[in-house]
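Counting from 1, the numbers follow the sequence of the chain as shown.
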Amino acid sequence: MTDGSQHRYRTVWISDIHLGTRGCQAEPLLDFLRSVECDTMYLVGDVIDFWRMRRARYWPQSHNDVIQKLLRKARKGTRVILTPGNHDDMLRGYVDHEFGHILVVGDAIHVLADGRRLLVIHGDQFDSVVARAPWLGHLGTHANAASQLVNQWFNWGRLKLGYPYWSLSGYLKHKVKHRGQFIANYEKALVEEARRRGVDGVVCGHIHYPEQKILDGILYYNDGDWVDNRTALVEHHSGELELLRWPEAPAVRPMAEVISLVS
């Protein structure tokens, strides 16, 4: 848990919360939401996992608390924008509508404090598996659900022994053969879309792999997820972006350091 102090940012991006599933880490997310204030918050898709909820009803109080906290932030003046993903794709039928002051958009262009422009999009449209064979995406969802169930028991044992949370399901995903090439192809497709749109970079989610880098002169940010990694992307009031792992220290160097390494 945090020390209760408030962190103020210009913008916050979170995605892949997967409310309605046992893998969702709602309580750490609530801790994060209580500890940060921002002018704008982007929910970059897969907030509620309607795919899984069609097959199994799971909705504990902590998941309801997350929704209520997001609605409360929107009511109190935070500009909250939701770009649906593949697991909450039913919301794509409500683009340009508001729900409790939360605006639903297909994608968005965010202007940083220093004037740079970023495309904000979930990213499933650029996942070749989801785009070309949706049934494989659903099959992967069921396999992931099984790994998350094992992950719960695994971490229950770790906590009993005094060890911190560690994502077994996330570790297994990263060990899958060809995953590295899949991620590289995904990143390249998003960067190409950002270039086509004439913007400086892209913020996405979908693949549960937090990252920030420069690819062919285009900024690429993946804000990660709240199943395996507990990560968020934040913009400081200077326009600098930082990838945070909650509640640990920042997981990735600020982009200013990344730029210094490649320049």
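Considering L29, I48, I17, V47 as possible partners of C24, the one that fulfils the side-chain contact (heavy atoms from CB on, under 4.5 Å) test is I17. When E187, Q181, K188 are each tested for a side-chain contact (heavy atoms from CB on, under 4.5 Å) with N185, only one passes: Q181.
Here the shortest heavy-atom pairing between L118 and L219 reads CD2-CD1, 4.3 Å. Contact between S15 and G224 at its shortest, heavy atoms only, is OG-O, 3.2 Å. Smallest separation of non-hydrogen atoms from G205 and V44: N-CG1, 4.4 Å. Listed here is the closest heavy atom pair of I102 and A74: CG1-CB, 4.1 Å. Nearest heavy-atom pair across T83 and G106 is CB-O, 3.9 Å. Across every non-hydrogen atom of L243 and Q212, the tightest pair is N-OE1, 4.2 Å.
Annotation: side chain of L103 is not in contact with side chain of L82 (no heavy-atom distance under 4.5 Å). Residues D39 and H237 form a side-chain contact, since some pair of their non-hydrogen atoms from C-beta on lies under 4.5 Å apart. Counting heavy atoms from C-beta on, the side chains of H122 and H87 never come closer than 4.5 Å. No side-chain heavy atom of V12 sits less than 4.5 Å from a side-chain heavy atom of Y42. With contacts defined as side-chain heavy-atom distances shorter than 4.5 Å, the pair I214/I218 does not qualify. With contacts defined as side-chain heavy-atom distances shorter than 4.5 Å, the pair Y9/H7 qualifies. In this structure the side chain of T11 never reaches within 4.5 angstrom of the side chain of L233, judged on heavy atoms. Using a 4.5 Å heavy-atom threshold, the side chains of R72 and L70 count as separate.
A donor-acceptor pair under 3.5 Å is absent between the side-chain atoms of E37 and the main chain of R8, judged by distance alone. Between the side chain of R197 and the backbone N or O of V202, no donor-acceptor pair lies under 3.5 Å. Between the R117 side chain and the I109 main chain, no donor and acceptor come within less than 3.5 Å of each other. Although no hydrogens or angles enter the test, the distance criterion places no donor-acceptor pair under 3.5 Å between the side chain of H101 and the main chain of R75. With hydrogens and angles ignored, the 3.5 Å screen pairs a side-chain donor or acceptor of S35 with a backbone N or O of D31. Side-chain atoms of R230 come within 3.5 Å of backbone N or O of W246 as a donor-acceptor pair. For T231 (side chain) and D225 (main-chain N/O), a donor-acceptor pair under 3.5 Å exists by modelled atom type. K73 contributes no side-chain N or O that, together with a main-chain N or O of C38, makes up a donor-acceptor pair within less than 3.5 Å. The backbone N or O of D46 lies less than 3.5 Å from a partner atom in the side chain of D88, making a donor-acceptor pair. H97 places a side-chain N or O within 3.5 Å of a backbone atom of V95 that can act as its donor or acceptor partner.
How far CG of L19 is from OH of Y58: 10.5 Å, rounded to the nearest 0.5 Å. To the nearest 0.5 angstrom, T78 atom OG1 is 11.5 Å from I81 atom CD1. Separation of atoms CG (L119) and OH (Y220) is listed at 12.0 Å; rounding is to 0.5 Å. Atom CG in N64 sits 14.0 Å away from atom NZ in K69 (nearest 0.5 Å). If you take CG on D16 and CG on N222, they are separated by 7.5 Å, rounding to the nearest 0.5 Å. Atom NE2 of H110 is separated from atom CD of E235 by 4.0 Å, given to the nearest 0.5 angstrom.
Taking the centre of each ring, F32 and W226 come in below the 6.0 Å mark.
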Exercise. After noting the C-alpha distance and the side-chain angles of E27 and H63, does the key distance pass the side chain to side chain contact (heavy atoms under 4.5 Å, CB included) rule?
Worked result: CA-CA 8 Å; E27 292 182 0; H63 292 208; over 6 Å; no
Problem set entry | Test side chain to side chain contact (heavy atoms under 4.5 Å, CB included) applied to M41 and L43, step by step | CA-CA 7 Å; M41 176 173 288; L43 307 175; 4.2 Å; yes
Problem set entry | Derivation of the side chain to side chain contact (heavy atoms under 4.5 Å, CB included) call for E211 and Y221 | CA-CA 6 Å; E211 183 64 278; Y221 302 92; over 6 Å; no
For this session: Determine, step by step, whether I207 and I183 satisfy the side chain to side chain contact (heavy atoms under 4.5 Å, CB included) criterion, reporting the C-alpha distance in whole Å, the side-chain angles of both residues, the deciding distance to 0.1 Å, and the verdict.
Result: CA-CA 8 Å; I207 60 173; I183 292 173; 4.1 Å; yes
For this session: Applying salt bridge (charged side-chain N to carboxylate O under 4.0 Å, His left out), run through D49 and R57 and close with a yes or a no.
Result: CA-CA 11 Å; D49 196 324; R57 183 70 60 86; over 6 Å; no
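More than 12 heavy atoms of other residues, nucleotides or ligands sit less than 6.0 Å from atom CZ of F99. No more than 12 heavy atoms of other residues, nucleotides or ligands sit less than 6.0 Å from atom CG of D216.
Using a 4.0 Å cut-off between charged side-chain N and carboxylate O, R195 and E192 make no salt bridge.
Classification of the Y186-H206 ring pair by plane angle, with boundaries at 30° and 60°, yields tilted.
Placement of V111 and I121 in two distinct hydrophobic clusters is found when ILVMFWY residues are connected by side-chain heavy-atom separations under 4.5 Å, directly or transitively.
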